[in-house]
Q: 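Supplied in structure tokens, the structure appears directly below.
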Amino acid sequence: MMTVDNNIRTRFAPSPTGYLHIGGARTALFNWLYARHNNGAFILRIEDTDKERSTAASTQAILDSMRWLGLDWDEGPFFQSVRGEIYSAYLEKLLATKQAYYCECTPAQLEAKRQEALTQGRKPKYDGTCREKGLVAGAGRVVRFRCPDFGETVVHDILKGNVAFRNEELDDLVVFRSDGFPTYNFAVVVDDAEMRITHIIRGDDHLNNTPRQILLYNALGLPLPVFCHVPMILGADKARLSKRHGATSVMAYQEMGYLPQAVVNYLVRLGWSHQDQEIFSLAELISFFGLGSLGKSAAVFNEEKLLWLNQHYIKTGTVEEIALLLKPFLAQVGINDPADGFLQQVTADLLTRSKTLIDMAQAGMFYFADKVAYDEEAANKFLLPSVGAILAQFAQCLAELQDYSKAGIEQLLRNFAADTGIKLKDIAQPLRVVLTGKTVSPGIDEVMVSLGREKTLQRLRDGVEFVGAKPPQGS
RNA sequence: GUCCCUAUCGUCUAGAGGCCUAGGACACCGGCCUUUCACGCCGGCAGCCGGGGUUCGAAUCCCCGUAGGGACGCCA
């Protein structure tokens, strides 16, 4: 199918040196949404020119994370590591026009100069040692771009406005390393041009790189894309988000029992808004998203709000969908291959009481137990010798109940309370402990329905036995 | 140190000069509902960084401070 579009092309270009983190995911999301909104194309490019740090495992993790979030790409993934000829061709242009030159300074020399500059309070930048040496290619030599000494380069950023940099602030950056691989600033320019990227949406930590890239575009005679530098995501201490702020990888959130919709919804609202709306379906996001409603200031990552959204998507999800997602989390607590019908009953009971799928699995364990393990405090408080007779009597009524349904059980509970003169709440808690082992659970009527009459009666018998076997206390 | 960006409740944000007595959401605190816990509903707390301008009028525009962030690699 041919897409009729205005040729908007965006890209996400992570380096495979680690997992996809929250910040990268948001950048990917913004690019994806912008492409989808405009019926354009979203391209995935893996920037693996650093062969020291790039790993296949990281690439895999990034692709998995993208898929989990639902961010599908139209082209790629392209790998820069296999595009060497392309970069070399562009490099030749630079060399041929003397806009680049070979440099034989060693990393150690450069580092020493950098330190010296820093201690003297100067801006550390390449001093141009090899600029006029007229060196040719050779072992250990890099290629540097000849940056103009005067004038200024203005970045026309759709979000930040026009940002001017004096060219003297820039220096002769390395475009090709001694290992024959291009550096980021060079490869990114070549690829964005080659891939006809129209809009570059990326973190504003790249804003300072942009004038250099613009100089490269110009030197190569390539058309400029539209730039949009979005603010970063910070940790609670307002420092750049990192591992020490807790989980930062997308997959960690999957493992912690978050739903991808929740993560997407949370991330999109970090730096973007649509009036007062908080909850967005994917279709709404695609339809509403625009660069004009992006914010300019950095956002602090707040897991509380993510948790709220996760809870929202759990409780508004369909039982079938959530049950399916819950399965692997149940397996983690030792519950394998639950019967579909039963699993769905359990899921339905827990839907409004779970913030994460892990919460849900833990809260739901008791349903699957052969014998309920009583929480010690709960048992001490509610499974007193005096409740044995009541439980036995209630079991009898339950066994004879005609309408074994939530409504029927609720009615029975009320009648039972009225008949015995015991307050409903005084019956409910012991019952709850006997059925679930805990003082906190879904409604006991719901639990009884989900468990079914047989299991429920078994648990009541176990409870009566437990209470009876208890040594008399305090006499 | 130099350059760049940013600045509304604790947090995410609405706000494009009068509609602002600054709105929503999370969190928090009350209350209602109730067989526990949730859900739901109702209510509350809390903010325009500071100082100068411009203007009849500024959260909104300008300048200066201040604070936070980012960049300064043969990382991306």
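Below, chain A is the first sequence line, B the second, and so on; all start at residue 1.
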Q: Answer with yes or no whether A:D276 presents, from its side chain, a donor or acceptor under 3.5 Å of a partner atom in the base of B:rG23.
A: yes

Q: Would you say B:rA76 has OP1 or OP2 under 4.0 Å from some side-chain N or O of A:T49?
A: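 For A:T49, the contact criterion (side-chain N or O under 4.0 Å from OP1 or OP2 of B:rA76) is met.
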
Q: Find the partner of B:rA25: check Watson-Crick (N1-N3 plus N6-O4 or O6-N4) and G-U wobble (N1-O2, O6-N3) distances, both under 3.5 Å, and reply none if neither fits.
A: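 B:rA25 is paired, partner B:rU11.
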
Q: Does B:rG65 have a Watson-Crick or wobble mate here (both distances under 3.5 Å), and if so which one?
A: B:rC49

Q: Counting just side-chain N and O atoms, does A:K123 come under 4.0 Å of either OP1 or OP2 of B:rC72?
A: no

Q: I want to check one thing: is the phosphate of B:rA71, taken as OP1 and OP2, less than 4.0 Å away from some side-chain N or O of A:K125?
A: no

Q: With the side chain of A:N208 defined as its heavy atoms from C-beta on, choose the nearest nucleotide among B:rA38, B:rU13, B:rC4.
A: B:rC4

Q: Look at A:Q311 and B:rA38 and indicate whether a side-chain polar atom (N or O) is within less than 4.0 Å of OP1 or OP2.
A: no

Q: Donor-acceptor pair under 3.5 Å: do we get one between A:R269's side chain and the base of B:rU13?
A: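 No.
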
Q: Which residue lies toward the 5' end of RNA chain B, A:Q120 or A:F301, if each is placed at its nearest nucleotide?
A: A:Q120

Q: Starting the side chain at C-beta, find the nucleotide from B:rA27, B:rC5, B:rC74 nearest to A:K355.
A: B:rA27

Q: Should B:rU2 form a Watson-Crick or G-U wobble pair with both distances under 3.5 Å, which nucleotide is its partner?
A: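 Partner of B:rU2: B:rA71.
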
Q: When the nearest nucleotide of RNA chain B is assigned to A:K160 and to A:R353 on a heavy-atom basis, which residue is associated with the more 5' position?
A: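 It is A:K160, whose closest nucleotide lies nearer the 5' terminus.
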
Q: Regarding A:Y266, tell me which of base, sugar-phosphate or nothing describes its non-hydrogen contacts under 4.0 Å with the strands shown.
A: nothing

Q: Once you apply a heavy-atom cut-off of 4.0 Å, does A:L413 come out as touching a base, just sugar-phosphate, or nothing?
A: nothing

Q: Which pairs pass side chain to side chain donor-acceptor pair (under 3.5 Å) with one or both residues in residues 158-169 of chain A, sequence neighbours excluded?
A: A:K123-A:E169, A:T153-A:N167, A:H156-A:N162, A:K160-A:D204, A:R166-A:E169

Q: Tell me which donor-acceptor pairs under 3.5 Å the side chains of residues 291-304 of chain A have, and how far apart each pair is, sequence neighbours excluded?
A:
unit_1, atom_1, unit_2, atom_2, d
A:S293, OG, A:W272, NE1, 3.0
A:S293, OG, A:G290, O, 3.3
A:E303, OE2, A:Y258, OH, 2.8

Q: Counting just side-chain N and O atoms, does A:K315 come under 4.0 Å of either OP1 or OP2 of B:rG40?
A: yes

Q: Which part of the nucleic acid does A:S297 contact within heavy-atom distance under 4.0 Å: base, sugar-phosphate only, or nothing?
A: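 The answer is sugar-phosphate, as A:S297 gets under 4.0 Å only of primed atoms, P, OP1 or OP2.
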
Q: Any side-chain N or O of A:R240 below 4.0 angstrom from OP1/OP2 of B:rA71?
A: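 Looking at the OP1 and OP2 atoms of B:rA71, one of them is under 4.0 Å from a side-chain N or O of A:R240.
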
Q: Can a donor-acceptor pair under 3.5 Å be found between the side-chain atoms of A:N302 and the base atoms of B:rA27?
A: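 Donor-acceptor pair under 3.5 Å: no.
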
Q: Please tell me if A:R114 has a side-chain N or O lying less than 4.0 Å from either OP1 or OP2 of B:rC74.
A: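 So the side-chain polar atoms of A:R114 do come within 4.0 Å of the phosphate oxygens OP1 or OP2 of B:rC74, strictly under.
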
Q: Ignoring backbone atoms, establish whether A:S273 has a side-chain N or O less than 4.0 Å from OP1 or OP2 of B:rA14.
A: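 It does, given that an N or O in the side chain of A:S273 lies less than 4.0 Å from OP1 or OP2 of B:rA14.
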
